[in-house]
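Scroll down for the structure; my scribbles are underneath it.
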Amino acid sequence: MPPSPKTPPQEILSICKKYFIIGCFFLPWLWVVNVVYMWPLIKRQDIGAQIKKYLYLSIFGAILWLIILTTWLSIFVTNRIEWGQFADSISVAIPKGV
Amino acid sequence: MDIMDEISSRRVRYNEVKAQGIIKFYEDLTTTSYPCVRLLNSTGAIGCQSLQPVTGILYPINTSDDIKQFIGQDLNGKFAIVMPYDLMKIQNLRDLESSHKLGGVIVIINGTSDFAPRPTAFSPDETCPNCQYGLYRDEENQYQWNPNGLGLIQERFDFPIFALYPFDDHTTSTYNRVMKGAAENMENSFKNYPLRAVELSSLMWSAIDASTCLRRDFCQPVGGQSVYSTSSVNISNDDNKPIIVVAAAMDSRSLFHMLTLGVDNGVSGTIALLAVADAISRSQVEINRLPKHILYTLFYGEAWGFAGSSRFVSDITQFNCQVKGSAKGCPFKNEKNGCGFPCKQNLDFTRINFTNIESIFEFSQVGMGTTGFYVHVDSNSTSNVELINKMNNISATINNGSAFVYAASANGTNLKLPPSSSMSFLEKNRSLTAVVLGDFQSNLKDEYDDGFNVSDDSMVDSICSIANVTAQTVWLQAQGPNYSNIPISVNLKKNDVERIGHYSSVFQYDMPGWLPTFAYNYLLSLNSSRAPCKASTDCQNDERCFMGKCTNTITRYHDAYGAGLQYNRNGNAMVTDPTKATWVESKWGSNNMRIFLVSSQFNQICELLFGCILTILSIIGVLYGKKQLNKTLKIA
């Protein structure tokens, strides 16, 4: 559900911008939220173009994070046993039985 | 987990469930079944593991033909095989596993009717138990002492195995339930649902090997507390008095730890040793005035790479206290007598000088020596042969002239020592005089390690006779050369030899299992003819107050866990020498077995589909209703 149409456009734009900037601090989920939340507004005449810019950046960032995390996860999972103590020491919870 | 704790907690859980009187879809049989669990050493894992709970339809198998039939049969789903103990062979289990229809295995240790009688000869151990840790480990073509060993204990199974052992009301009712379920399934040809199924879960936390597992704190060292005792309360490291060691191993092992009974293997030697100690303590001559010390040692964890004896020997030869008093990771306060690191409650073992040890008498399995006993030695050295002859002569004197103790090499071949605690001593000094007494000449009796034998009179007689000979020989040895009058003899009551379960369990400081506790109390109370007391402070020296009397022995527990393991300064166990014994036991959350009725796969799919359709329909209904409401009520 996007922001109410009664909200002043500058405020909407500011929220969108803040979401994007805060997301830069290792919060890719916030970017995803930003995209889902603001997507219906990109067709607006007044601020649509600017919102679109932030949303594309957010999408790009989120995908980048997705790639980094899945790559890391697959490397970690396949090498966890080989890395021995190091892998255990960077694990938050060690899975039981494997 | 300690066996007695486990059993009692199981009982409590059973009674709780029973008291609630709940009739449930699942019926929990956990409290009355016995799981196979996982153990690890420095190179890998043995025992059972199932990462996921397994559901299997009960399927009875009675013969090896049934196994073939099961494998060939066209069946859907996973099955829990119910089979008698004597079909538990590695090949059978692997065949079943490779059929891809195996969920888990339920083993009947002994049936209550004609079905699955307890096998009379069954040894799940290796053909040469613990030989990879023994004195002859580097020799090629080691003699195989247990040729009928199935090697089950050393195998790794990645599916759950549970044992049923009906011996009381609860366990028999579980047994009956499983057998009835399997029979019903058979009547329904395993196709006419609903069928009786069990869910088996035994998630072991451990993985890979001992060092990984210890690092993750998912394992504990296998072991416990050995017990040593001597009446020489003044024994000291520099008294130059020779020491005669009388030794035996207390524990034994089995695929199902809680069912480790092995009367002949572990218990017979323990009882014989206690009988010898008792007989000698009643000697007219004061024991601590003898020219030699007599030291009784009962080792624990021996079935797991000679854990008890090798640690005892290494401690009395090279113990070095690095932190005196109390230390992190050591639960003892150690005000006067202990050591903070390495953690020891007392240092009395340092009073035993290894170089003073003159000879070792060790009881191996001695419960079935009705036809005679054999003395095993490492080499036919003069002193060994002398000792054998002495025992032979004494046995003849006792038994009206016909000897019943012989040299094991009397048939011409010296097979050297069977796996025994003496090996740990000989490891340090190969020229020690050491005799290992057993009821076998060349092959361990089949009941070795896993006898579910109930003791009988012949076993008591057997233990009694060898204890008698040993007591007299030890007493003679301790006198010095010129002594002929032997005033002692052994008395045993049948009650002393009871059915006892004795897997060693895991090592914990100051937490001896009940078998070491029994041996400790027994040895401690010998000779206690001293002044009455209320607390240990009323007694002199290091004596302890036991049952209102000051004891007149030094009796202590001694840590027993694999020689390849050490505790570090934080109190964590770690593998320090992977070539030695490094056995650890995995921790686990729960081992569950529950039985229930399962419907056919078709039914299950129908139920799922019905549920899904219902969900979708209700979503549509809600959306439609909302729309209609909006229309009629004209809400913007």
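Protein chains get the first letters and strands the later ones, always in sequence-line order, with residue 1 at the start of each. Please read all numbers here as calculations on a predicted model, not as lab measurements.
By the salt bridge (charged side-chain N to carboxylate O under 4.0 Å, His left out) test, B:R156 pairs with B:D158, sequence neighbours left out.
More than 12 heavy atoms of other residues, nucleotides or ligands sit less than 6.0 Å from atom CH2 of A:W83. Within a 6.0 Å radius of CD in B:Q52, other residues, nucleotides and ligands contribute 12 heavy atoms or fewer. At most 12 non-hydrogen atoms from other residues, nucleotides or ligands lie less than 6.0 angstrom from CZ of A:F60.
A pairwise comparison of heavy atoms in B:R216 and A:V98 identifies NH1-O, 3.1 Å as the closest pair.
Of the inter-residue distances, the one linking B:D217 atom CG with A:I94 atom CD1 reads 9.5 Å to the nearest 0.5 angstrom. Distance check: A:D88 CG to B:T212 OG1 gives 7.5 Å after rounding to the nearest 0.5 Å.
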